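The structure appears below as structure tokens.
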2 protein chains.
Amino acid sequence: MVKKARGVQRREDSLSRERIIEASIELLDSSGESGLTFRALAERLATGPGAIYWHVENKSDLLSAACDAIVARTMDAPLPSATPREAIRALALGMFDAIDDHPWVGSVLARDPAQLPMVRMLERIGQQIRALDVPDDAQWTTVSALLSYILGVSGQNAANAQIARERDADRSHFLDEVASVWSQLDPDDYPFARSVAKQLRDHDDRADFLAGIDLILLGIESAHGR
Amino acid sequence: MVKKARGVQRREDSLSRERIIEASIELLDSSGESGLTFRALAERLATGPGAIYWHVENKSDLLSAACDAIVARTMDAPLPSATPREAIRALALGMFDAIDDHPWVGSVLARDPAQLPMVRMLERIGQQIRALDVPDDAQWTTVSALLSYILGVSGQNAANAQIARERDADRSHFLDEVASVWSQLDPDDYPFARSVAKQLRDHDDRADFLAGIDLILLGIESAHGR
DNA sequence: ACCTGAACACCGTTCAAGT
DNA sequence: ACCTGAACACCGTTCAAGT
């Protein structure tokens, strides 16, 4: 007869916030953002739609929680790197890859700002910005710029992945199409777009992303003495 | 009896793609993205929901068209500026302000990439990147970084505006709340977030945005000789 | 060619009723 | 305390029928 049972004892297969979020992530990964419906989720969890509302406030809450689970995992990964510069690159790449694996995370992050996932990223990157000797009064602006860039690329990438999924998968084929549209634009109105069409066709999203991070890091260093 | 009427003659108050898009923009501006429904639009245009489908493919098409109208307006504004650097700042600020006025544009841009609005921005900024003497093989990456940053900030700003609208309006009050949450975080886990809470409270979105642009411009210059 | 509006297939969310 | 599932109030989209 234990008065206070250790933790909450519960049937293995009963509902819980964690199980709901886990199932949501699976659904989101396999069928995209439009695949997450309370009915589909209820079916997967062998229950009714109403039951989910006992553990979760609403759909927005559910999406945020799923998103935060991914971001937390990513930002809690250990950083073996030596320099702050390398650490920032690793953190940024970690987010890039996470969103590449879970495109819906990009859309969610672009939609609800200033929430828990944001603080996680801000914190982790901010500590490295400090280590870079950026002056106190410039730290907010600096981290903010890095975060915005990361979110911008992520959102864009997520959207691209979504489109590639909607049409019949082939991403490089899709880029070929866009590049070919660009190269047929009016030369007088769109000289630049035409000229980079080839670079669009051959580009590597991940490498471009990192190049942008390096550009910002260069700017940071050049702005503060060294 | 003119055989070929000049242009398409039509009753002043009849439906047209332009009138539909115009009405959509008004609806989006006044009631946000969730305010744009085919039923609300039909009512505003004194017609039925089905009629709209004669001029517009579907809701996604409608949103893209409304978004492109705003971006086109913004990117076609004349640039009195002298240096490419100033021109880039002006173009970036133009987008920032446009999205500040029409927050839904941020969400749409974050969702469908590589479309017409994107090409407009790419072109306009790209021409200035050229003028900045960035080498040919670095132009795509450079413009891409700037665009991602602009989109990232825009999306974030749009989301903030949406949240401020959902709750009862007051934006600075909302920032106060977030800042106060941050400053109450665990000092061991979130030292950085705590330390910038004050800077968050006092910050100016527009100034921060421009500071980020300057950081990237600094990086660009520092990467290519001068 | 263009418009009408009822109808269809889906949502998120609520809630009385059960255990 | 937790779950069930029918019901409600909405969507986007279609389509036979009108002009």
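None of these values were measured; they are calculated from a predicted model. First the proteins, then the strands, lettered A, B, ... as listed; each starts at 1.
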Going from OG on B:Ser195 to CZ on A:Arg130, what distance comes out if it is rounded to the nearest 0.5 angstrom? 4.0 Å

Tell me which one of B:Asp112, B:Ile25, B:Leu62, B:Leu109 satisfies side chain to side chain contact (heavy atoms under 4.5 Å, CB included) with B:Cys67. B:Leu109

Establish, yes or no, whether a centroid distance under 6.0 Å links the rings of B:Phe209 and B:Phe96. yes

Any chance you could lay out the salt bridge (charged side-chain N to carboxylate O under 4.0 Å, His left out) test for A:Asp186 and A:Arg194, step after step, and finish with the verdict? CA-CA 8 Å; A:Asp186 185 315; A:Arg194 282 173 56 101; over 6 Å; no

Identified side-chain hydrogen bond (donor to acceptor under 3.5 Å, both in side chains) partner of B:Asp68 from the options B:Gln115, B:Arg73, B:Arg120: B:Arg120

Taking the inter-plane angle between the rings of B:Tyr53 and B:Phe38 on a 0 to 90° scale, is it parallel (under 30°), tilted (30 to 60°) or perpendicular (over 60°)? parallel

Secondary-structure stems for DNA chain D, with pairs counted as Watson-Crick or G-U when both distances are under 3.5 Å and runs at least 3 long: C:4-8 with D:12-16, C:12-16 with D:4-8

To the nearest 0.5 Å, atom CH2 of B:Trp104 lies from atom CD1 of B:Ile99 at 10.0 Å

Using whole Å, report how far CG of A:Leu15 lies from C1' of D:dA1. 13 Å

Separation of D:dG5 C1' from A:Leu45 CG (nearest whole Å): 16 Å

Side-chain contact, heavy-atom cut-off 4.5 Å: B:Leu147 with A:Gln156? no

Using OP1 and OP2 only, check whether a side-chain N or O of B:His55 sits under 4.0 Å from C:dC3. yes

Distance below 4.0 Å between B:Trp54 side-chain N/O and C:dC2 OP1 or OP2: yes

Using a cut-off of 4.0 Å between protein heavy atoms and nucleotide atoms, how would you tag nucleotides 6-19 of chain C 5' to 3' with B, S and -? -B---BBBBB----

